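Take a look at the structure set out below.
These numbers were taken from a predicted model, which means no experiment stands behind them. Every heavy atom of this structure was used, including side-chain atoms; hydrogens, water molecules and symmetry mates were not. Ligands are counted one by one from 1 in listed order, and the atoms in each one are counted from 1 as well.
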Amino acid sequence: MVQIIQLMDKLTVNFCGVEFKNPLVLPSGIYAAANAYLKAYENGASGITFKSLTVHKREGNPPPRVWKNEYNVINSVGLVNSGIAKGAGEIALFKKDHREIPLIASVYATRFSEFSLMVEKLVPASPDLIELNLSCPNVDDEFGKPLGMEKGAAGKIVGEVKKLSGKIPLLAKLSPNVNDIADIAKSCEGAGADGIVAINTVGPGMMIDIYKKKPVLGTKKGGVSGPGILPVAVRCVYEIFEAVKIPIIGMGGVLKWQDIVEMILAGATLVGVGSATYYKGMKVFDELNAGLTKYLADNSISELDDLIGAAHR
Ligand code: RRO
């Protein structure tokens with residue numbers, strides 16, 4: 001028992017000054033209720049990201065919004081959320097009741113000024129980190145491409161928000177659906193980002209129900225996650241690691257403990273586990289932590305730090 005606790009201690013990670021008990025976090029948008037966040041934590045996630053907030057409440061896209069097959073999940077949730085005023089209140093309450101759980105707040109906007117407005121409202125709620133979602137793929141029809149798909153705009157958003165975020169570290173969540181994700185990451189770092197989150201969903205993609213002979217999603221197209229996108233995510237994390245010095249939360253397609261190791265070797269300090277909960281339930285966090293712990297022991301690796309970016313050496 002003592003030995004297991006010592007081994008589990010090896011999983012502790014410091015990310016932007018925040019202590020995480022292991023490298024596995026819940027990404028934004030997988031769940032949107034406090035009880036699901038708590039369940040993820042109780043099952044071994046070390047931190048949670050709240051659903052991205054927008055200035056105003058949103059009802060989301062027409063259903064069906066999420067669909068999965070053996071290889072992939074496709075979603076077109078459409079940013080369902082209660083809006084920044086209520087959302088910031090929910091974050092403050094969660095933080096008051098669960099000070100011990102590292103909490104990442106997330107915001108999405110279609111105008112530069114909206115990012116600033118939301119971050120001003122979030123700071124008093126005291127999230128541990130703030131994620132700027134520069135990359136939701138599912139609202140193009142309403143708003144056009146997300147602002148952060150281009151390095152000039154991504155840097156400008158980070159620079160503006162950095163003036164308001166104070167001591168709370170700022171993360172930029174990037175899209176893989178660009179020519180050069182590393183260049184965008186570099187621009188965010190130059191503008192003051194403290195960390196990068198990569199990747200958001202791939203696509204847009206489409207799945208078709210062969211019996212109904214129709215696309216499965218209400219909006220037909222959506223962002224693709226799940227095991228099939230892991231190699232894209234690993235490549236993005238690898239390229240970003242070469243381009244920046246700030247730490248990375250790697251995510252996209254992680255299902256097995258071996259995928260966590262790949263992500264960390266590519267350069268991730270923390271790893272997001274989202275779609276895997278749709279395949280295996282919340283218990284997947286404990287399963288992945290156990291696999292990672294055994295891998296460290298079997299390979300005589302004393303510190304997780306020794307693995308971060310090791311594929312570059
Ligand atoms: O809500 C969504 O449709 C959504 C968001 Br905000 C995002 O960042 N990524 C995604 O795949 N879906």
Side-chain angles (χ1 to χ4, degrees), residues 25-33 36-37 48-69 71-84 87 91 104-111 114-115 118 122 129-149 153-154 157 171-178 181 184 188 196-207 215-230 232-233 236 249-254 272-278:
V25 296
L26 183 73
S28 174
I30 307 296
Y31 301 98
Y37 298 146
I48 48 167
T49 315
F50 270 50
K51 175 78 183 158
S52 295
L53 294 168
T54 49
V55 171
H56 302 292
K57 178 180 162 79
R58 287 180 56 88
E59 301 295 345
N61 288 334
R65 292 172 174 162
V66 183
W67 203 266
K68 76 169 196 287
N69 66 20
Y71 310 107
N72 285 111
V73 177
I74 190 165
N75 90 84
S76 174
V77 173
L79 273 157
V80 174
N81 77 97
S82 47
I84 189 67
I91 288 169
I104 307 171
S106 178
V107 288
Y108 178 88
T110 53
R111 292 196 203 132
E114 287 180 351
F115 274 108
M118 286 193 283
L122 269 182
L129 301 136
I130 295 177
E131 170 188 280
L132 303 173
N133 181 348
L134 304 179
S135 48
C136 172
N138 291 332
V139 284
D140 287 15
D141 293 349
E142 267 174 270
F143 303 119
K145 289 264 170 266
L147 287 174
M149 304 289 273
I157 295 164
L171 314 178
K173 183 166 185 179
L174 303 184
S175 169
N177 314 318
V178 293
I181 194 170
I184 298 176
C188 292
I196 299 292
V197 182
I199 54 176
N200 209 319
T201 46
V202 171
M206 184 183 282
M207 289 184 197
V216 295
L217 293 179
T219 52
K220 299 187 179 149
K221 298 178 290 179
V224 181
S225 58
I229 73 161
L230 179 72
V232 177
C236 288
I249 307 183
M251 60 183 65
V254 167
V273 178
S275 296
T277 66
Y278 294 156

**Q.** Residue pair I91 / L53, side-chain heavy-atom distance below 4.5 Å
**A.** yes
Q: Verify whether one side chain among S106 and N133 offers a donor that lies under 3.5 Å from an acceptor in the other.
A: no
**Q.** Any side-chain heavy-atom pair of C188 and I196 under 4.5 Å
**A.** yes
Q) By salt bridge (Lys or Arg N to Asp or Glu O under 4.0 Å), which residues pair with K220, not counting sequence neighbours? A) none
Q. Can a donor-acceptor pair be found between the side chains of N61 and S76 at a distance below 3.5 Å?
A. yes
Q. Would a 4.5 Å heavy-atom cut-off, applied to side chains only, mark V66 and Y278 as touching?
A. yes
Q. For ligand 1, is there an atom lying under 4.0 Å from some heavy atom of R65?
A. no
**Q.** Atoms of ligand 1, numbered as shown, that sit under 4.0 Å from any heavy atom of V77
**A.** 1 (O), 2 (C), 3 (O)
Q.
Pairs of nitrogen or oxygen atoms closer than 3.5 Å, one from S135 and one from ligand 1: do any exist?
A. no
Q: Determine yes or no for a side-chain-to-main-chain donor-acceptor pair under 3.5 angstrom, with N200 supplying the side chain and L174 the backbone.
A: no
Q | Per-atom contacts of ligand 1 with G78, taking only distances under 4.0 Å to non-hydrogen atoms | A | 1 (O), 2 (C), 3 (O)
Q: Any atoms of ligand 1 less than 4.0 Å from a non-hydrogen atom of N133? List them with their elements.
A: 6 (Br), 7 (C), 8 (O)
Q. Do E131 and S28 touch side chain to side chain, with heavy atoms closer than 4.5 Å?
A. yes
Q. Is a side-chain N or O of R58 found less than 3.5 angstrom from the main chain of G78, in a donor-acceptor match?
A. yes
Q) Below 3.5 angstrom, do we get any N/O pair linking S76 and ligand 1? A) no
Q: Say whether G29 and ligand 1 are in contact under the criterion: heavy-atom distance to a ligand atom below 4.0 Å.
A: no
Q) Against heavy atoms of N200, which atoms of ligand 1 measure under 4.0 Å? A) 7 (C), 8 (O), 9 (N), 10 (C), 11 (O)
Q) Which residue owns the protein heavy atom closest to atom 11 (O) of ligand 1, what's the atom, and how far is it? A) T201 OG1, 2.7 Å
Q) Would you say G223 and ligand 1 have an N/O pair spaced under 3.5 Å apart? A) no
Q: Below 4.0 angstrom from a heavy atom of C136, which ligand 1 atoms are there? Numbered from 1 as shown, please.
A: 2 (C), 4 (C), 5 (C), 6 (Br), 7 (C), 8 (O)
Q) What atoms of ligand 1 come closer than 4.0 angstrom to any heavy atom of K51? A) 1 (O), 2 (C), 6 (Br)
Q: State the atoms of ligand 1, each with its element, that fall below the 4.0 Å cut-off from a heavy-atom position in N75.
A: 2 (C), 3 (O), 4 (C), 10 (C), 11 (O), 12 (N)
Q. Hey, which atoms in ligand 1 end up nearer than 4.0 Å to a heavy atom of L79?
A. 1 (O), 2 (C), 3 (O), 6 (Br)
